[in-house]
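What follows is a single structure, written as structure tokens, with notes after it.
Treat the numbers as computed from the prediction; the structure is a model and nothing was measured. Chain letters run A, B, ... following the sequence lines, proteins first and then strands; every chain starts at 1.
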Amino acid sequence: MNILQTLRDRFALALADFTDDPQTFAAMVRPAQGAKFGDYQANCAMPLAKVHGTNPRELAASIVSKLDLSDLCDAPEVAGPGFINLSLQDDWLWEQSQSLASDLRLGVPATEQPRNIVVDFSSPNVAKPMHVGHLRSTVIGDALSRILRFLGHQVTTDNHIGDWGTQFGMIIYGYKQFLDEQAYADQPVAELARLYRLVNQLSDYHAAIEKLPILEQRVHEQRELLSDAEAVEQPDKGHKKRLKSLRADLAVATESIETTKRNIAAVESDPQLMQLANDHPNIARGARDETAKLHAGDVENTQLWEQFMPQCLNALDAVYDRLGIHFDLTLGESHYQPMLANVVADLKAKGLATESDGAMCVFIAGNDAPFIVQKADGAFNYATTDLATIRYRVEELAADTMLYVVDSRQGEHFKLLFATAEKWGYTPEMQHIKFGTVMGKDRKPYKTRSGDTVGLESLLDEAVAKAYEIAAANDDAKPDGPELDEQTRQEIAEVMGIGGIKYADLHINRESDYVFDWDTMLNMKGDTATYMQYAYARTRGILRRGEIDPEVLRNGEATLQFSHEAERQLALKLCQFPEAVAAAAEESRPNLLTQYLFETAGEFSTFYEHCPVLKEEDESLRLSRCLLVDLTGRVIQQGLELLGIQTCEQM
RNA sequence: GCCCCGGUAGCUCAGUUGGAUAGAGCAUUGGUCUUCUAAACCAAGGGUCGCAGGUUCGAAUCCUGCCCGGGGUGCCA
């Protein structure tokens with residue numbers, strides 16, 4: 001049962017006498033700010049009194065008189081300017097908690113309106129190794145999928161991989177020109193990644209050589225503009241702002257020159273690279289041509305593509321396996337490629353797409369930028385693919401909801417995409433589940449010192465290695481000596497390390513940018529996955545030491561009782577699990593669930609300190625505490641599972 | 001130029017859509033292992049919620065202006 005929802009429903013009934021819109025005001029029932037205000041509080045009397053022009057305290061009293069909560073709450077209290085404070089009855093809370101003991105869903109009701117939801121997340125480029133930038137989409141998308149599925153929705157996870165773009169032209173070019181056959185035989189994916197980087201680097205080099213004089217000229221001009229502006233004697237209103245913007249432009253241009261120079265130096269300082277660069281002056285065009293040939297159905301390139309794809313997909317799967325993430329579908333760009341011409345033709349036929357500067361565009365009122373569905377050179381772009389994808393998901397997958405877990409920087413693209421799809425006649429619920437950028441400590445998108453992004457696998461390895469040290473040190477320090485064998489320690493390290501990384505991404509409000517920090521991410525103290533995993537392991541440890549069979553306990557004669565405040569607080573938290581799951585799903589925000597789990601584990605830790613379980617002499621109280629312990633373990637485990645985080649029986 | 005997002009404790013972040021004395025974690029300082037795992041617990045210090053106005057019973061939250069940072073902005077995804 002969702003207690004919060006139940007209370008709101010009761011309020012809605014009572015409020016019908018006071019307003020035409022009882023739902024809105026009933027939604028102002030919330031968990032109480034602090035224990036001194038009871039368990040829940042209703043804040044609806046004040047705004048409602050404003051509408052009526054009456055006294056809020058008196059109105060609160062009238063609402064209370066209409067309210068029927070006698071089966072679950074003590075008498076409501078009106079406090080302060082008109083708050084209505086609610087306290088759940090202890091015996092009702094016992095019954096509630098106890099009913100969870102035999103409930104596999106831990107009180108979470110299955111949805112009454114199941115939807116057919118496609119969750120689109122992760123979506124890496126298969127030609128490049130995954131890096132930290134892919135983590136947020138992957139981890140958040142997986143968590144949301146698990147939560148929605150648990151709530152009873154039909155969820156299809158779809159990895160919309162980049163498997164058809166220019167990066168494949170680079171690989172094909174590299175394969176034809178630079179292949180190290182031995183390396184390819186040994187580790188094909190690593191060799192393909194090397195080829196990609198090499199072609200990329202050489203293209204950048206030539207572009208840099210061409211670009212440098214232009215950049216230098218631009219910096220020169222910007223310097224002059226700036227010094228002219230600085231020399232103005234009678235500055236007007238916008239002067240300071242213009243100066244600032246000029247300085248910013250100059251800084252950007254200067255930095256761009258430095259980057260360009262570094263790219264040049266990286267090649268020129270290496271005789272082998274220099275040789276390659278000289279031998280392939282038109283490498284960028286060459287790579288583009290390979291892409292074009294692939295797209296045109298060239299036999300050789302198609303064969304190469306078919307040869308590379310399984311290897312690239314295997315490499316991705318290795319990472320997903322380790323993360324415990326599964327996709328129902330992996331339909332990338334290539335899957336939609338045959339449908340693109342028809343998409344544009346249809347948009348044209350319906351009068352939605354028109355030509356502008358040679359490109360086919362859909363114009364959406366209120367937006368300056370057009371939505372370009374076919375470039376002037378005739379090629380299709382990701383807008384075309386995304387439209388084809390929507391049509392496919394509606395017509396073939398019968399999706400009524402689509403969630404796109406994608407970086408918030410693509411907000412405008414999705415705004416135009418959704419608007420275009422709707423004009424086109426596809427009107428499922430479409431949401432851009434946006435998340436902020438991962439930044440380095442310099443507040444710029446995260447890179448290593450060399451300028452490369454951090455590989456995902458090395459990040460996982462590092463986290464697991466660190467977790468192993470901590471797990472081993474803690475096991476060694478146990479009062480009765482170590483308990484874990486080597487293999488178990490490694491399993492624990494894997495669960496802690498991977499869980500920690502996921503948690504680090506999930507516990508932040510997804511819309512904030514956040515600063516990536518090894519120490520924060522690998523930390524295992526405080527508000528981390530380890531804290532919850534440890535609490536879970538402790539619950540299991542108690543039952544194990546007490547030789548208590550959970551099945552027997554759950555179906556036995558034990559009844560809950562509260563002898564200490566910590567027991568009541570814990571029981572209340574456990575009963576609020578459905579609220580946390582519902583809130584996380586409603587707002588597509590896993591951090592609402594992590595926050596709940598952290599609080600639950602915190603209540604358990606307090607309980608653990610104050611309420612001995614196995615040593616309690618009163619048998620009925622001991623069994624009551626055992627029930628709480630078992631229930632806590634189940635809630636934490638289930639909650640973590642919904643986040644894609646595993647647990648261990650012993651740590 | 002236009003558009004979007006952000007600015008909360010030394011650091012990293014919450015803040016339930018306008019509610020009661022602004023909260024966590026890390027870091028710092030002190031206390032707690034002969035008692036079910038000290039990966040924990042208890043306590044302390046730490047704040048001009050970017051700045052200035054406004055709206056009202058009540059503002060970190062809504063409105064206006066300004067300052068600072070990030071991002072996007074017609075053919076990359």
Side-chain angles (χ1 to χ4, degrees), chain A residues 4 27-28 30-34 36-37 41 43 46-47 49-50 56 79-83 85 123 125 162 165-167 240-241 244-245 333 356-361 367-377 379 381-383 385-386 406-413 415 434 436-437 439 443-445 470-471 473-475 477-480 483 496 504 507-509 511-515 517 519-520 523-528 530-531 533-535 537-538 541-546 579 583 587 589 591-592 595 598-599 601-602 605-606 608-610 612-616 625 629 650-651:
Chain A
L4 182 60
M28 295 175 188
R30 300 181 184 160
Q33 291 254 320
K36 58 196 169 242
F37 301 131
Q41 64 182 55
N43 302 334
M46 285 93 71
K50 195 188 289 189
F83 296 101
N85 292 338
S123 312
N125 262 312
T166 50
Q167 72 276 14
K240 245 177 94 179
K241 212 169 177 177
K244 219 197 89 189
S245 129
E333 293 165 346
S356 169
D357 289 348
M360 290 307 297
C361 303
N367 292 85
D368 289 343
F371 194 56
I372 297 176
V373 296
Q374 186 172 21
K375 301 194 287 180
D377 65 4
N381 60 6
Y382 73 132
T385 309
D386 282 351
V406 180
D407 194 308
S408 48
R409 284 176 292 191
Q410 292 190 38
E412 269 177 281
H413 168 69
K415 193 173 145 201
K434 53 184 81 167
T437 310
M439 321 260 256
R443 299 259 161 201
K444 297 258 161 75
I470 291 171
N474 279 283
D475 190 40
K478 280 178 187 160
D480 300 330
E483 297 172 356
M496 279 172 70
H507 94 283
I508 305 170
N509 182 343
E511 297 196 43
S512 331
D513 291 345
Y514 81 94
V515 176
D517 177 13
D519 295 336
T520 307
N523 193 14
M524 314 253 165
K525 291 161 81 172
D527 186 5
T528 63
T530 305
Y531 184 74
Q533 290 167 328
Y534 182 62
R538 279 173 141 186
I542 292 173
L543 299 179
R544 190 171 54 243
R545 285 206 182 231
E579 295 171 25
E587 306 198 28
R589 283 175 44 181
N591 70 310
L592 297 177
Q595 193 180 325
F598 180 57
E599 288 165 7
S605 293
T606 303
Y608 187 91
E609 295 294 323
H610 293 104
V613 179
L614 301 175
K615 296 197 168 90
E616 173 55 47
R625 287 177 177 170
V629 167
Q650 243 179 310
M651 288 175 76

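With values rounded to the nearest 0.5 angstrom, Thr437(A) atom OG1 is found 4.5 Å from Asp407(A) atom CG. One distance of note links CG of Asp357(A) with NZ of Lys375(A); it measures 15.0 Å at 0.5 Å rounding.
Here U64(B) is in the anti range [glycosidic angle more than 90° from 0]. In this structure, C33(B) shows a glycosidic angle within 90 degrees of zero, which is the syn conformation.
Nearest heavy atoms, Ser605(A) versus Arg538(A): OG-NH1, 4.2 Å.
Residues His507(A) and Phe598(A) place their aromatic rings such that the two centres sit no closer than 6.0 Å.
Here G19(B) is the nucleotide among G71(B), G19(B), C75(B) with the atom lying nearest to any side-chain atom of Pro47(A). Residue Phe37(A) has its side chain nearest to A20(B) when only A20(B), C13(B), C42(B) are considered. For Tyr382(A), the listed nucleotide lying nearest its side chain is A77(B); candidates were C13(B), G71(B), A77(B). Minimum atom distance to the side chain of Ile508(A) is reached by A14(B), of the listed A14(B), U16(B), C76(B).
The phosphate of A14(B) has neither OP1 nor OP2 within less than 4.0 Å of any side-chain N or O from Gln595(A). Dashed line: the shortest gap from a side-chain N or O of Arg589(A) to OP1 or OP2 of A14(B) is not under 4.0 Å. Within the structure, a side-chain polar atom (N or O) of Asn509(A) is placed less than 4.0 Å from OP1 or OP2 of G15(B). Taking side-chain N and O atoms only, Lys415(A) has no distance below 4.0 Å to OP1 or OP2 of G72(B). For the pair Thr166(A) and A77(B), the criterion of a side-chain N or O lying under 4.0 Å from OP1 or OP2 is not met.
Comparing the same atom, P, in A22(B) and in A60(B) gives a spacing of 9 Å after rounding to whole Å. Using atom C1' as the reference point in both A59(B) and U17(B), the two lie 13 Å apart (nearest Å). Nucleotides G71(B) and C62(B) place their P atoms 24 Å apart, quoted to the nearest Å. Straight-line distance between the C1' atoms of A39(B) and G50(B): roughly 38 Å, to the nearest whole Å. For C5(B) and A44(B), the P atoms lie 39 Å apart once the distance is rounded to whole Å. Distance check on atom P: U55(B) versus C63(B) gives 15 Å, rounded to whole Å. Nucleotides G74(B) and G70(B), compared at atom C1', are 23 Å apart to the nearest Å. Distance noted for atom P between G19(B) and U73(B): 36 Å (whole Å).
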- prompt: Which parts of nucleotides 28-40 of chain B does protein reach within less than 4.0 Å, heavy atoms only, written one letter per nucleotide 5' to 3' as B for base, S for sugar-phosphate only and - for none?
  reply: -------SBBSBS
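For the pair Glu599(A) CD and U16(B) P, the computed distance is 13 Å after rounding to whole Å. The distance from atom CD of Gln41(A) to atom C1' of U21(B) is 14 Å, rounded to the nearest whole Å.
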query: Reading RNA chain B 5' to 3', what string of ( ), [ ], | and . shows its pairs, if Watson-Crick and G-U wobble pairs count only when both distances fall under 3.5 Å?
result: (((((((..((((.....[...)))).(((((.......))))).....(((((..]....))))))))))))....
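Annotation: of the two residues near RNA chain B, Asp527(A) and Ala369(A), the 5′-most nearest-nucleotide partner is Asp527(A). Mapped onto RNA chain B by nearest heavy atom, Phe598(A) and Gly80(A) fall at different nucleotides, with Gly80(A) at the one closer to the 5' end.
Taking the six-membered ring for Trp and thresholds of 30 and 60 degrees, His413(A) and Tyr382(A) have nearly parallel ring planes, at less than 30 degrees apart.
For Asn125(A), the side chain to side chain contact (heavy atoms under 4.5 Å, CB included) criterion is met by Lys128(A), Gln167(A), not counting sequence neighbours.
In summary, Lys478(A) and Glu483(A) engage in a salt bridge, as defined by a charged side-chain N under 4.0 Å from a carboxylate O.
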